[in-house]
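First up is the structure itself, then whatever we jot down about it.
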Amino acid sequence: MYDDLLVPTDGSEAVDRALDHAVRLASDHDATIHALYVVDRRIATASSGELHDEVVADLESQGEAAVNAVADRAAEAGVDVETHVVEGTPDTEIVDYADEHGIDVIVMSPEGKSPRERIRSLGSVSDRVADDANVPVFLIK
């Protein structure tokens, strides 16, 4: 039923709860977990010049650490994993990744941002992914 699961990560502790479920699903179905971190283009473009390059490099570094943390947890459970860091708008990139890579289910937490951050970003990424995805989305609170 599930061959490929997508776990979007922002590096927050909320991802750990979603990852517990994703690892169990992947293990039960002999599936591969795809860990995805999106360098938010909106943050990167808010800076300019040398600062832009530094911001992007810092976000990419955070992204690599986040997907590697997912990969480590999956590997501990004997689950195959692929890691990807991309740049764009998080909800759009998550949905596009799922479509382009034949993802069967997206497993994520809606709690990576504080309520204040959710208001500033006009809703949560998980809400937009759940609305736009062409595959099931498991939201783990």
- Item | From CD (E64) to CG (L59), nearest 0.5 Å | 12.0 Å

- Message: Can you confirm whether or not the ring centre of F138 sits under 6.0 Å from the ring centre of H21?
- Response: no

- Task: Considering non-hydrogen atoms only, spot the tightest contact between I33 and A26 and give its length.
- Result: CG1-CB, 3.8 Å

- Item | Approximate separation, where rounding is to 0.5 Å, of I103 CD1 and N134 CG | 12.5 Å

- Minimum heavy-atom distance Y2-A31, with the two atoms named: O-CB, 3.3 Å

- Item | Test item: P8 and V38 side chains (from C-beta on) under 4.5 Å apart, heavy atoms | no

- Should the pair Y97 and H34 be assigned to parallel (<30°), tilted (30 to 60°) or perpendicular (>60°) ring geometry? perpendicular

- Decide yes or no for V95 and D91: does some side-chain heavy atom of the first lie under 4.5 Å from some side-chain heavy atom of the second? no

- Of all heavy-atom pairs between R17 and I140, which one has the smallest distance, and what is that distance? O-CG2, 3.8 Å

- Check each of D80, V79, D3 against T32 using the side chain to side chain contact (heavy atoms under 4.5 Å, CB included) test, and report the only one that passes. D80

- Give, for atom OG1 of T83 and atom OH of Y37, the distance between the pair rounded to the nearest 0.5 Å. 14.0 Å

- Note on the structure: A77 and V23 have their tightest heavy-atom pair at CB-CG1, 3.4 Å

- Note on the structure: Closest heavy-atom pair, L5 versus A22, reported as atoms and distance to 0.1 Å, is CD2-O, 3.7 Å

- Query: Out of curiosity, E87 CD to E60 CD, how far, rounded to the nearest 0.5 Å?
  - Reply: 7.0 Å

- Give, for atom CZ of R73 and atom CG of D16, the distance between the pair rounded to the nearest 0.5 Å. 5.0 Å

- Task: Could you check if a side-chain atom of L36 sits within less than 4.5 angstrom of a side-chain atom of L6, using non-hydrogen atoms only?
- Result: yes

- Is any side-chain heavy atom of V7 less than 4.5 Å from a side-chain heavy atom of M108? no

- Item | I106 to A98 - nearest heavy-atom pair and separation | CD1-CB, 3.9 Å

- Message: Less than 4.0 angstrom from a charged side-chain N to a carboxylate O is my criterion; do R24 and D20 meet it?
- Response: no

- Does the side chain of D104 reach to within under 4.5 Å of the side chain of M1, using non-hydrogen atoms? no

